[in-house]
Structures are given as C-alpha cells and as structure tokens.
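Let me begin by presenting the structure, written as structure tokens, before commenting on it.
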2 protein chains.
Amino acid sequence: MAYQDIFAALADPTRRQIFENLRDHPKTVGELAKGQTVSRPAVSQHLRVLQDAHLVSVEPQGNRRLYSIKREGLKELRDYLDCFWSDAFSAYRAEIAKVMENKGEE
Amino acid sequence: MAYQDIFAALADPTRRQIFENLRDHPKTVGELAKGQTVSRPAVSQHLRVLQDAHLVSVEPQGNRRLYSIKREGLKELRDYLDCFWSDAFSAYRAEIAKVMENKGEE
DNA sequence: TATCTTGGTAAGCCATAACTTACCGTAAGT
DNA sequence: ACTTACGGTAAGTTATGGCTTACCAAGATA
C-alpha cells in the first residue's frame, strides 16, 4: 500500500464523493448509495477501492456494514506532498545555459 | 481548477513519475523523456495535464522548454486533505442503533 | 424455518484516457 | 538559406476501469 493507490482512489469523482460523504460521520452502504446516482454495487466496488487504499474502514454492525473514514491513507498522502516543499530547484534556472551547450551527449 | 484535476493528474503512475522527476530541479522535455519508457509525445501530453492541474510551470528557454514544479497545485491538495482532520465522526458510532430502527424510510 | 434486508462478488459492456506514429512550427547552428 | 534539434498537436488504437444486471451469502424478523 502506498500513495499510488490513494491517488488512484481519490481520482474518481464518484469515489471521492463517497469519501467526502463519509466526512461527517460513518455511514452504511445503503446510506451512501442513497446519495449517489450510481447503483449500490457500484458503491460497494468504490468502497472496496477506498478500503484498499486505507482511506476507509469497515465495522460490521449486524446486517449492515458501517464505513468510516480512516485518516491513515490521508496521512500517507500528506507525507508524500511534504516531500515537494524543498527549495532545491531555485538555483537551477541559470544552469540551463550550460545545458544548452552540451547538446548531443547520451 | 481544483483538487479534482490534481488528483486525476497524479493518479497516473507515469505522470507522477514525471512529476517526481521534476522534484530536484527543473528539466526540459527531452530530459524528462529520457528517463521514461514512454515516447516523448506522451511525456508532452502528460506535462500538459500536469500544467492544467497547476502542478508544473513552463519557462521557454530558447529552443527548449523548461518545466518546473509549481507548489500551487500541491497547496490546493493539502488544503483539501486538511478538511478531513475534524473529529466529528467519533460520536456517531452509537447513533447507528437508531438507524437500525427506521429501515424503509425514503 | 421461511422470508426479507443488506451488501459483496461475477460477468460483461462501454467510455475514457494513455500510448503510438506522423506531422508541423520554431529556434539554433553551419 | 538550409539543416538539425526540440517539442507541441492530431489521429487512431488499445487497454483500463467504472458501470450495469444477476447472483449469492449472512443476518434479522416473523
């Protein structure tokens, strides 16, 4: 599991909507499907993807299954994003002049 | 522009690799394509998507085009993620008992 | 036990998007 | 001016993945 799956999971609008729908409080599959245009099985499939990405967790509640947000995946994503906040690429601008010279080297 | 595009942009492995490849310092299209298995036009197309998502910016440098990371898109994504750090969904667990009762209401 | 509800899985369809080759414009070098 | 290098765009192909219907298993209710 890694940020790969998390990005993939949250890339789909419907899936992201389901995820956001879970923000306030945990919901059952039925509840989630009710607020969605797609069919219930589709919602189930989306939830599976979200679960694999560690973005939601399930808690069987009798007949139903209660899904809730799991911050773990989000944390993973946050850490990933933080890697891009270094300022190493400010001094490179002038370097390109040098690059312009050596044209055909492997 | 919104986090929608950013998620979509970073969901693709190749595109994310290109993006990560830009982390150290700005690069030209040729440089980026060299470290990639896909063709150069493919890289160009990916760069377009990244640019639309405000994740990279271009700076024409004579014949070449120098691409560099743009933190703007990342910031947008960070803000989005922060919305999920509220703890509103802790008290809901008991609520499900009530939900169990009203089964068939619209 | 028979029935209803909830929800996960399978199979198949279809739309999107990632990739390719081909082409073109523009800047550099001779 | 001609040629080469760089890189964006177009058109067409293919593969991925999101959706549907159909089905099935398990718990709840009578």
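Every heavy atom of this structure was used, including side-chain atoms; hydrogens, water molecules and symmetry mates were not. Here is the naming used below: chain letters follow the sequence lines, and residue numbers restart at 1 for every chain.
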Spacing of [X] atom [atom1] relative to [N] atom [atom2], expressed in whole Å:
X	N	atom1	atom2	value
B/N63	D/dT3	CG	C1'	13 Å
A/Q36	D/dT20	CD	P	10 Å
B/L47	D/dC6	CG	P	16 Å
B/D12	C/dA17	CG	C1'	9 Å
B/L10	C/dA18	CG	P	12 Å
A/L50	D/dG18	CG	C1'	13 Å
B/H46	C/dA18	NE2	C1'	6 Å
B/R48	C/dA18	CZ	P	14 Å

Between [N] and [X], is there an OP1 or OP2 to side-chain N/O distance shorter than 4.0 Å?
X	N	answer
A/T14	D/dC19	yes
B/R65	D/dC6	no
A/Y67	C/dG8	yes
B/R15	C/dA18	yes
B/S44	D/dG7	no

message: Return the CD1 to CZ distance between B/I18 and B/R15, rounded to the nearest 0.5 Å.
response: 8.5 Å
query: CG of A/L81 to CD1 of B/I6: how many Å apart, nearest 0.5 Å?
result: 9.5 Å
message: Is the shortest side-chain heavy-atom distance between A/Q51 and A/Y67 below 4.5 Å?
response: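 Answer yes - side chains close enough.
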task: Please tell me if the side chains of A/R23 and B/C83 come closer than 4.5 Å, counting only heavy atoms from C-beta onward.
output: yes
- prompt: Base, sugar-phosphate, or nothing for B/P41, non-hydrogen atoms under 4.0 angstrom?
  reply: base
Report yes if a donor N or O on one partner sits less than 3.5 Å from an acceptor N or O on the other, where the partners are the side chain of [X] and the base of [N]; otherwise report no.
X	N	result
A/Q61	C/dT6	no
B/Q45	C/dT20	yes
A/R40	C/dG7	yes

task: Side chain of A/R64 only, please: which of C/dT6, C/dG8, C/dT20 is the nearest?
output: C/dT6
query: Any Lys/Arg nitrogen of A/D82 or A/R78 sitting under 4.0 Å from an Asp/Glu carboxylate oxygen of the other?
result: no
